[in-house]
Amino acid sequence: MDYEEIESKWQAAWEDEAVFEPIPDQRQSYMVSSAFPYVNGPPHMGHVRTYGTADVLARYKRMRGFNVLFPMGYHVTGTPILAQSKRIKNKDPLLIKDLKKFGISDEDIGKMEDPLYLASYFIEAFRKAFRDLGLSIDWSRQLVSIDPKFSKFIEWQFSILSENGLLTKGKHPVGWCPNENNAIGMHDTKGDIEPEIEEMLGIKFRAENEDYNIVCATYRPETLYGVTNIFVKNGAQYVICEVNGERLCLSSMAADKLAYQTKVKVITEIDSAELLNKRYINPKTGTSIPALPGFFVDEAFGTGIVMSVPAHAPFDYTALLELKKSGYDAASKITPIKVIELEGAAKGKDIPSVAYIDVETTAGDPNMAAIEEATKNQYREELRSGTMLVGDYKGLRVKDARDRVWKDLIASNDAASIYVIANSAICRCSFSVVVKVVDDQWFLNYGDEKWKVKAREALKNVRILPEKLRPTFEGALEWINLRAVARSQGLGTVFPLDNTKIIESLSDSTIYMSLYTIWNLISEIESDKLTHEFFDYVYLGKGDAEAVSKATGIPYETIKRSRESFDYWYAFTSRHSGAELIFNHLIMYLFNHAVIFDEKYWPKQIAINGTVLSEGEKMSKSLGNTVDVKEAVGKHGADVTRFMVVCSADLFGDSEYNNDAAKGVKERFDYLDSIAGNLSLYATSELKHIDYWMYSKLNRKIITVTEATEKLELRTASTAVLYDAVIELKRYFLRGGNNQVVITEYLSALSLLLGPLTPHFSEELWHKTGNSTLVAREKWPAANQSMLSSKIEMEEEIIESLIDDSKHVLDLVRRKGTEPKEIKYIIASEYKYILNNELAKDRNVKRVMEMIKSGELENSYPIKFDIQKCMEFTSAMAKHINTVKSVETNPADEFDVLNDAKEYIGKETGCKITVEHEEGSGSSKASASTALKPGIEVI
RNA sequence: GCAGGGGUGGCAGAGUUUGGCCAAAUGCGACGGGCUUAGGACCCGUUUCCUUUGUGGAUGCGAGAGUUCAAAUCUCUCCCCCUGCACCA
């Protein structure tokens with residue numbers, strides 16, 4: 001098969017008939033949308049997964065009789081596109097190499113210094129790739145998130161949010177580059193690392209006889225009761241500065257960083273030596289403690305000063321050992337103070353930290369990694385199972401004590417929050433990222449209780465696929481609180497409440513899907529005519545069309561149709577994305593719909609798909625195993641690519657894309673195609689057993705595939721529709737099936753079932769089996785219940801298992817040196833079937849035995865029973881009572897089936913086959929027969 | 001740490017809601033055989049161990065304990081892995 005030819009043929013056919021550009025009609029609407037891609041690079045397999053899954057649903061629902069709209073747009077707002085252009089301008093060799101790999105010319109790369117050119121270039125790349133994949137997208141509604149009309153819409157959205165009191169202003173810590181002086185996100189750091197902001201507590205220790213406090217940064221204020229001394233970095237520069245009217249001492253580097261979080265005025269520099277000469281007062285216990293040099297202290301982290309808790313911190317303990325060893329007198333006088341008791345390794349130990357470190361090695365030559373590990377373990381265990389032994393929080397679990405000490409110390413002004421970057425992210429300009437506390441940050445208040453109530457309602461109403469992710473959504477819904485909504489840079493819509501800011505790019509894409517419903521209608525309208533009145537009318541039904549037309553200058557007809565179009569398409573929406581968007585986009589999507597739209601238009605379904613693996617590995621640039629969509633489609637064709645990426649796993653599982661698997665899929669297509677191409681080889685005749693079996697399998701398949709597709713369990717669907725189909729066809733032919741009508745009907749139905757998954761191949765198969773319409777417009781097949789027969793299927797299974805067993809026996813006979821010629825099958829007597837089914841009812845051997853003895857059995861069935869034989873059989877069955885199952889066949893059925901299959905079994909076993917009933921058989925194997933398992937005698 | 005999802009045979013991955021037709025679908029891989037000049041194509045068989053004129057037994061689904069006539073499936077405890085944790089698309 002020439003896939004390229006087939007694909008372009010059918011793509012052209014769909015386009016000619018504008019199959020995917022729907023307009024509202026009498027049918028029930030069904031709108032499918034996927035998160036629009038961010039176009040700072042070419043499409044990748046993740047996009048294929050999400051859009052491909054949405055396409056399967058769109059095509060399926062279309063076949064189910066819905067009027068389906070599947071639109072798409074492009075996300076351009078935010079900073080990544082700007083960052084990308086900037087990297088090109090700076091001739092970033094890595095990026096340029098990547099771009100070249102995708103076949104982008106030097107000239108185009110040069111032009112990409114212009115962010116808008118870069119965006120438009122990749123928009124085209126997406127459009128082409130998605131078209132080549134045969135996605136049933138309505139291209140007449142493409143929107144771009146920096147279109148002025150889009151901005152008008154976003155302004156309207158924010159006016160509503162503002163009217164509802166959901167925008168608030170406040171302080172907020174952000175990652176910040178001290179060099180470039182702006183906020184830093186993942187896309188702005190080396191290696192695309194998200195700067196990880198952590199909150200520490202800076203505890204103040206009064207320096208004796210001085211007017212300042214030193215500040216120790218800690219994650220564990222509850223250990224304040226166990227502090228024995230202070231550690232400073234020998235030789236580091238410290239400063240005394242004024243913060244909020246207080247004099248505080250910390251390292252010079254820490255002071256610089258703190259200046260981004262609060263007002264810091266350096267008064268004077270102070271040497272570490274001087275700090276080491278003083279004593280300090282523990283704010284909680286009032287104890288006076290010395291300062292010592294700590295080898296592990298990092299002057300750039302926290303405050304550059306550490307409170308030492310040797311009993312509970314391996315670093316502190318090790319440092320003291322080190323000092324003792326080098327004859328440091330003050331260190332020898334220190335005794336660790338235990339403040340937490342815990343279960344496990346350290347239970348009952350005077351110095352718990354000893355349980356976590358290997359004193360011999362750590363004390364000999366401090367092994368930072370080992371101590372780090374010990375610290376992690378001790379912190380974890382103490383948090384989990386520790387109990388406070390001393391102080392105001394005695395008896396409390398460490399977890400609870402920590403929260404309370406934290407709050408108490410802040411309340412009594414003995415401590416304050418300090419933010420740190422925990423993962424030492426570096427800006428692309430190679431400056432370390434710091435934490436800046438911004439005080440004029442606008443937030444969307446997702447913590448607003450009235451809003452949450454509505455969002456909960458919206459979540460209750462929406463169907464989540466897969467349903468097991470609902471708890472994740474519920475968690476996300478309760479967790480989301482303040483979300484910064486305006487940023488100082490990036491592309492996008494100007495923030496209405498502060499026009500020096502841009503609306504953050506996830507916040508401007510929460511309800512944009514509703515814009516698709518009217519985008520084609522307003523294409524000719526100038527953006528400034530799109531006033532709040534217009535959107536109020538279209539989306540909220542406020543006001544009347546005539547007045548809006550007068551006020552805006554937009555034609556009455558356009559306004560009216562926009563309202564109708566929105567009302568029609570938004571009646572049912574299905575939203576698709578990867579799991580990574582649950583905690584931001586999808587949850588914001590729910591919140592925004594809940595507060596802006598009438599309940600009627602709330603989301604009806606959300607589907608979350610997994611990722612795509614290559615040879616079992618996650619695709620990533622650093623591994624160099626990413627697959628270019630263009631290349632994949634060129635190599636394997638659209639259908640195979642779609643099939644692999646979209647169907648090789650159920651919805652939320654990770655699918656696997658690799659050449660071997662692609663080959664397997666292609667071979668099966670070819671197999672189906674070759675049968676469809678040779679239909680004339682088969683004649684039409686009366687239906688045989690195997691024909692009925694084929695029909696039963698087909699109708700069962702229709703049920704399976706329908707159920708699975710409804711839930712987007714596409715692996716299940718694809719297995720049934722491709723892999724199982726090939727197995728069934730092969731079996732059909734092997735069993736002597738050759739009926740043209742049956743084969744044609746089977747393949748025809750199969751091509752319809754393949755329609756959503758592999759649309760081009762499906763059309764091809766559909767036409768080869770004698771149809772002239774488009775699958776894309778066809779009706780989904782309905783299962784014919786009357787053709788389902790578990791009995792016939794069971795009978796086929798008997799043949800298969802009988803052949804298996806026979807081969808086993810033949811093998812054993814041959815091993816003994818005789819060459820078998822004939823196999824005799826002895827079908828069990830009817831009483832065995834009856835007893836089998838009686839036993840299967842409740843697996844109660846005693847009851848059945850009673851039936852036999854009391855004669856009840858005789859009364860219930862119209863045949864004679866030999867009590868002795870019945871008892872023997874029943875007790876034999878009792879041995880594996882757990883596996884007895886009821887059977888639908890009877891001896892006459894099995895006799896016919898085996899006789900009918902004689903030729904086939906003979907071919908498989910290489911023996912002459914005879915079949916007889918147990919009655920009057922005389923064979924030594926007759927008594928071994930049971931229902932579904934005839935006796936086997938090899939002669 | 002918090003929240004969520006998981007741990008099944010060489011691998012991938014069903015099965016868990018509704019306990020028993022589960023030594024566990026299906027696919028891949030490996031091995032043996034057939035077909036062939038040859039084969040990555042196709043067909044047959046094997047792929048936990050034992051037993052063997054078959055439809056039998058033992059062990060077994062992260063670890064341990066429990067409920068039950070019966071557990072991959074239910075309960076409890078523990079261990080481990082993955083994802084997200086915010087202004088960033």
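Side-chain atoms are counted along with the backbone in the values below, which use heavy atoms only and exclude waters and symmetry mates. Order of the sequence lines sets the chain letters (A, B, ...), proteins ahead of strands, with each chain counted from 1.
Among rG54(B), rC28(B), rA41(B), the nucleotide with an atom closest to any side-chain atom of Arg668(A) is rC28(B). Minimum atom distance to the side chain of Arg483(A) is reached by rC87(B), of the listed rC87(B), rC43(B), rG54(B). Of the candidate nucleotides rG27(B), rU55(B), rU53(B), rG27(B) has the atom lying nearest to any side-chain atom of Ile727(A). Distance from the side chain of Ile480(A) is smallest for rA86(B) among the nucleotides rG13(B), rA86(B), rG54(B). Of the candidates rG40(B), rU55(B), rC43(B), the closest approach to any side-chain atom of Thr930(A) belongs to rU55(B). Out of rC42(B), rG40(B), rU55(B), the shortest distance to the side chain of Glu667(A) is found at rC42(B).
Applying the Watson-Crick and G-U wobble criteria (two distances, each under 3.5 Å), rU83(B) pairs with rA3(B). When both distances must be under 3.5 Å, the Watson-Crick or G-U wobble mate of rU77(B) is rA63(B). With a cut-off of 3.5 Å on both pairing distances, the Watson-Crick or G-U wobble partner of rA30(B) is rU46(B). When both pairing distances are held under 3.5 Å, rC21(B) makes no Watson-Crick or G-U pair with any nucleotide shown.
Taking atom C1' in both rG33(B) and rC69(B), one finds a spacing of 45 Å when rounded to whole Å. Comparing rA24(B) with rU18(B), their P atoms are spaced 25 Å from each other, to the whole Å. Between the P atoms of rC85(B) and rC49(B), the separation comes to 46 Å (whole Å). For the P atom pair drawn from rC28(B) and rC81(B), the interatomic distance equals 32 Å after rounding to whole Å. With C1' as the reference atom, rA63(B) and rG57(B) are 27 Å apart, rounded to whole Å. Taking atom C1' on both rA70(B) and rG20(B), the two are 6 Å apart, rounded to the nearest angstrom. Taking the C1' atom of each, rG13(B) and rG27(B) are spaced 8 Å apart, rounded to whole Å. Taking atom P on both nucleotides, rU73(B) is separated from rG15(B) by 15 Å, rounded to a whole Å.
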Let me have the donor-acceptor pairs involving side chains of residues 474-482 of chain A, under 3.5 Å, with sequence neighbours excluded, atom names and distances please.
unit_1, atom_1, unit_2, atom_2, d
Glu478(A), OE1, Arg456(A), NH2, 3.1
Glu478(A), OE2, Arg456(A), NE, 2.7

Atom pairs under 3.5 Å: protein N/O with N/O of nucleotides 2-8 of chain B:
unit_1, atom_1, unit_2, atom_2, d
rC2(B), OP1, Lys399(A), NZ, 3.2
rG4(B), O2', Thr472(A), OG1, 2.3

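The separation between Arg220(A) atom CZ and rG1(B) atom C1' is 12 Å, rounded to whole Å. Residue Met200(A) contributes atom CE, which lies 18 Å from atom P of rG1(B) at whole-angstrom precision. For the pair Glu580(A) CD and rU83(B) P, the interatomic distance rounds to 12 Å; values are reported in whole Å. Across the protein-nucleic acid pair, Lys663(A) atom NZ and rC28(B) atom P stand 10 Å apart, rounded to whole Å. With rounding to whole Å, Ile421(A) atom CD1 is found 13 Å from rC87(B) atom C1'. Across the protein-nucleic acid pair, Asp654(A) atom CG and rA12(B) atom P stand 12 Å apart, rounded to whole Å. Nucleotide rG1(B) holds its C1' atom 12 Å from the CD atom of Glu196(A), rounded to whole Å. The separation between Lys436(A) atom NZ and rC87(B) atom C1' is 15 Å, rounded to whole Å.
Between Phe643(A) and Phe669(A), the angle of the ring planes goes over 60°, which puts this pair in the perpendicular group of the 30/60° scheme. Aromatic ring orientation, Phe443(A) versus His172(A): perpendicular (interplanar angle above 60°, classes split at 30° and 60°). By the 30° and 60° cut-offs, the orientation of the rings of Tyr446(A) relative to Phe591(A) is perpendicular. Using cut-offs of 30° and 60° for the angle between ring planes, the Tyr74(A) and Phe126(A) rings count as perpendicular.
In this structure, Tyr671(A) and Lys730(A) approach most closely via the heavy-atom pair OH-CG, 3.2 Å. Summarising the geometry of Asp654(A) relative to Ala649(A), their closest heavy-atom pair is O-CB, 3.4 Å, with the distance given to 0.1 Å.
Contacts of Asp724(A) with the nucleic acid, taken as non-hydrogen atoms under 4.0 Å apart, are absent. At a threshold of 4.0 angstrom between heavy atoms, the contacts of Gly935(A) include nucleobase atoms, whether or not backbone atoms are also involved. When heavy atoms are screened at a 4.0 angstrom cut-off, His75(A) is found touching the sugar-phosphate backbone but no base atom. Contacts of Val938(A) with the nucleic acid, taken as non-hydrogen atoms under 4.0 Å apart, are absent. Among the protein residues, Pro934(A) comes within range of the nucleic acid bases, having at least one heavy atom under 4.0 Å from a base atom. When heavy atoms are screened at a 4.0 angstrom cut-off, Lys501(A) is found touching no nucleic acid atom at all.
Contact check on Arg731(A) versus Glu728(A) returns no salt bridge, with no Lys/Arg side-chain nitrogen under 4.0 Å from an Asp/Glu carboxylate oxygen.
Near RNA chain B, meaning a heavy atom under 4.0 Å from it, residues 438-445 of chain A has no residue at all.
For Arg470(A), the CZ atom is densely surrounded, since the number of other residues' heavy atoms within 6.0 Å is greater than 12. Taking a 6.0 Å sphere around NZ of Lys711(A), one finds it holds 12 or fewer heavy atoms contributed by other residues, nucleotides or ligands. Annotation: Lys86(A), atom NZ; neighbour count of heavy atoms from other residues, nucleotides and ligands within 6.0 Å does not exceed 12.
Each of Gly175(A) and Gly653(A) was matched to the nucleotide of RNA chain B holding its nearest heavy atom; the match closer to the 5' end belongs to Gly653(A). Between Leu482(A) and Leu506(A), the residue anchored closer to the 5' end of RNA chain B is Leu482(A), taking for each the nucleotide with the nearest heavy atom.
The backbone N or O of Ser648(A) sits less than 3.5 Å from a side-chain atom of Arg715(A), completing a donor-acceptor pair.
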